Amino acid sequence: MRLGLALGYWGRGPSASHLPLAREAERLGYDSVWTAESWGSDAFTPLTWIAAHTSRIRLGTAVAQMAARSPTTTAMHALTLDHLSGGRMMLGLGLSGPQVVEGWYGRPFPKSPLTATREYVDVVRQVLRREGPVELDGRFHSLPYRGPDATGLGKPLKAITHPLRPGTLPVLLGAEGPKNVAQTTRIADGWLPLYWSPTRPEAYALPEVLPEGFLVAPMAQVRVCDDVAEGLLPVKTMLGFYIGGMGHATRNFHADLMARMGYEEAARRIQDLFLAGRREEAVLAVPDAFADEISLVGPRERIAERLELWRKGPVTDLLALAPDEESLRVLAELNT
């Protein structure tokens, strides 16, 4: 099982610890470092900054939001950064949800998310293969554009820049619903689970037989500490926000996943509290058991014991949301 460092996205501003953590992860032998985006900092610019200050570690987006860019624009980002980094780029994509797609990007959330995702990946693949002009007569992504307001002057184009690795730059998808996960195994090179419990693989409906070389790369908060309950607080804070606030009360993919993992009553309670403005109570309502099973928190010996559960399943890459260099180092030592 390879190790990756997940840095997420910025809060109020850039974190002074991100670049030192990335460089330390490279020194410790970590395979990859990943950035994200929500409705603030973007995923590609920090990753480019990290690329300029490292030499070996692979670079991934976990995830870049599809609604933020046309698929050709996203492919251009990946193609460019792959060249600048010497072939270290991995493109992780996610559809996000109606709250963000319509509220932040000002675009309609697709009525058929599976079709929209499939078309998006198709276009990205065409750009990165550069076998011919990009063409797709899609429901959500049409190239050339053929809508009722089209001029009719558009023509299929092929990327000017030649890919460094034609057709082989890895494309991964963040997927939560069972149908989306199943499609991911068919059209992508890997899957980026948001929450992964090594004791509940059935919650994701992941096929028993995966394509050769398929990546399963979940994120998990990692914290070496003496007090487990205290160490779980950042995990619960994250869960309170995602379960309670990252979506509408009637359509929240994160809450639905938590429910499928056996915590339906708690998920709805967290939503109710968060949407009522009682955010601290929402965080405290996150069950310690749920926060614990999707993270690696506690003394070194406890993390070592729990890490064995992660090794036994389909996980190929553990992406550590690690708050400090000591936790990074301990995880690297335990994974040897």
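This is a predicted model, so every value here is computed, not measured.
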Which pair of heavy atoms, one from [X] and one from [Y], lies closest together, and at what distance?
| X | Y | result |
| --- | --- | --- |
| Val33 | Ile50 | CG1-CG2, 4.0 Å |
| Ser70 | Thr73 | OG-OG1, 2.7 Å |
| Leu331 | Leu3 | O-CD1, 3.8 Å |
| Pro314 | Leu210 | CB-CD1, 4.4 Å |
| Trp310 | Met1 | O-SD, 4.0 Å |
| Ala36 | Ala62 | CB-O, 3.3 Å |

Any side-chain heavy-atom pair of [X] and [Y] under 4.5 Å:
| X | Y | result |
| --- | --- | --- |
| Leu93 | Val63 | no |
| Leu157 | Thr72 | no |
| Pro110 | Thr115 | no |
| Glu308 | Pro198 | no |
| Met258 | Tyr195 | no |
| Asp122 | His141 | no |
| Arg107 | Met66 | no |
| Phe44 | Met89 | yes |

How about [X]: does its [atom1] atom have over 12 heavy atoms from other parts shown lying under 6.0 Å from it?
| X | atom1 | result |
| --- | --- | --- |
| Glu305 | CD | no |
| Arg306 | CZ | yes |
| Glu280 | CD | no |

Main-chain N/O of [Y] paired with [X] side-chain donor or acceptor, under 3.5 Å:
| X | Y | result |
| --- | --- | --- |
| Glu326 | Val224 | no |
| His53 | Trp49 | yes |
| Thr35 | Pro46 | no |
| Arg200 | Ser197 | no |
| Arg56 | Tyr30 | yes |
| Glu119 | Gly138 | no |
| Glu135 | Pro156 | no |
| Arg130 | Ala159 | yes |
| Thr61 | Leu91 | no |
| Glu37 | Ala43 | yes |

Shared hydrophobic cluster for [X] and [Y] (ILVMFWY, side-chain gaps under 4.5 Å):
| X | Y | result |
| --- | --- | --- |
| Ile303 | Val315 | yes |
| Val228 | Leu307 | yes |
| Tyr145 | Val124 | no |
| Leu206 | Leu319 | yes |
| Phe109 | Val121 | yes |

Separation of [Y] [atom2] from [X] [atom1] (nearest 0.5 Å):
| X | Y | atom1 | atom2 | value |
| --- | --- | --- | --- | --- |
| Leu194 | Ile294 | CG | CD1 | 7.5 Å |
| Leu19 | Glu24 | CG | CD | 12.0 Å |
| Leu284 | Leu233 | CG | CG | 7.5 Å |
| Tyr263 | Ile243 | OH | CD1 | 12.0 Å |
| Arg223 | Leu296 | CZ | CG | 12.5 Å |
| Leu334 | Glu301 | CG | CD | 9.0 Å |

Apply side-chain hydrogen bond (donor to acceptor under 3.5 Å, both in side chains) to [X] and list each qualifying residue two or more places apart in sequence or on a separate chain.
| X | answer |
| --- | --- |
| Thr168 | none |
| Gln221 | none |
| Arg302 | Asp292 |
| Ser32 | Trp34 |

Worksheet item: What's the verdict on side chain to side chain contact (heavy atoms under 4.5 Å, CB included) for Leu128 and Arg165, showing C-alpha distance, side-chain angles and the deciding distance?
Response: CA-CA 8 Å; Leu128 296 179; Arg165 299 177 287 164; over 6 Å; no
Discussion item. Side chain to side chain contact (heavy atoms under 4.5 Å, CB included), that's the test. Do Arg2 and Arg58 meet it? Break it down for me.
Written reply: CA-CA 11 Å; Arg2 293 178 295 263; Arg58 293 199 292 169; 4.0 Å; yes
Fill in: Verdict with reasoning, Cys225 to Val297, per side chain to side chain contact (heavy atoms under 4.5 Å, CB included)
CA-CA 7 Å; Cys225 58; Val297 171; 3.9 Å; yes
Practice prompt. Indicate whether any N or O donor in one side chain lies under 3.5 Å from an N or O acceptor in the other, for Tyr105 and Ser96.
Written response: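 Their side chains do not contain a donor-acceptor pair, so the 3.5 Å distance test is not met.
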Show which side-chain atoms of residues 172-185 pair as donor or acceptor with protein atoms under 3.5 Å away, not counting sequence neighbours.
unit_1, atom_1, unit_2, atom_2, d
Glu176, OE1, His254, ND1, 3.3
Glu176, OE2, His254, ND1, 2.9
Gln183, OE1, Arg118, NH1, 2.6
Gln183, NE2, Leu114, O, 3.1
Thr184, OG1, Asn180, O, 2.8
Thr185, OG1, Ala182, O, 2.6

Fill in: salt_bridge(Asp272, Arg279) N-O dist < 4.0 Å
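The answer is no: the pair does not qualify as a salt bridge.
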Worksheet item: Would Phe140 and Ser112 satisfy side chain to side chain contact (heavy atoms under 4.5 Å, CB included), going step by step from the backbone distance to the final call?
Response: CA-CA 9 Å; Phe140 299 98; Ser112 178; 4.1 Å; yes
Practice prompt. Sequence neighbours left out, what passes side-chain contact (heavy atoms from CB on, under 4.5 Å) with Pro193? Give chain and number order.
Written response: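 Pro193 satisfies side-chain contact (heavy atoms from CB on, under 4.5 Å) with Trp191, Trp196, Val216, Pro218 once adjacent residues are dropped.
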